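Everything quoted here is computed from the prediction, not taken from an experiment.
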Amino acid sequence: MRNCTLIGDSLTDIEAARTAGVHVVGYANRAWKVDAFSAADAVVTSMEDIAAAMSL
């Protein structure tokens, strides 16, 4: 599952991805989540960032 990336907007999503051993991008749709998602591989604050990355 190394080719899998989970995009999540909750701490549970981040924890689940870590448990499953997959990459995780935290979607911080609230300001406090930016710091809270420190266990994610990356944190974004806009869905536009995710769409741009997926179009590469």
Side-chain angles (χ1 to χ4, degrees):
M1 283 205 275
R2 293 186 186 270
N3 294 328
C4 179
T5 300
L6 183 140
I7 300 170
D9 66 350
S10 71
L11 290 172
T12 304
D13 292 340
I14 307 300
E15 293 168 3
R18 286 290 168 235
T19 300
V22 300
H23 296 288
V24 60
V25 175
Y27 170 50
N29 55 354
R30 303 274 189 262
W32 65 267
K33 291 183 178 183
V34 173
D35 291 331
F37 290 171
S38 62
D41 295 306
V43 177
V44 298
T45 58
S46 165
M47 282 294 196
E48 290 175 358
D49 296 336
I50 295 168
M54 292 179 71
S55 67
L56 297 175

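- Taking each heavy atom of V24 and A17 in turn, the nearest pair found is CB-CB, 3.5 Å.
- A distance of 10.5 Å separates CD1 of I7 from CG of D13, quoted to the nearest 0.5 Å.
- Between V43 and A28, the closest heavy-atom pair is CG1-CB, 3.8 Å.
- Between the CG atom of N29 and the CE atom of M47 there is a distance of 7.5 Å, given to the nearest 0.5 Å.
- Annotation for G26 and A40: closest pair N-CB, 3.8 Å, computed over non-hydrogen atoms.
- Closest of all the heavy-atom pairs between K33 and Y27 is CD-O, 4.4 Å.
- Residue V34 is not grouped with residue F37 when hydrophobic side chains (ILVMFWY) are merged at heavy-atom distances under 4.5 angstrom, including chains of intermediate members.
- Side chain of D41 to backbone of V25: no donor-acceptor contact under 3.5 angstrom is found.
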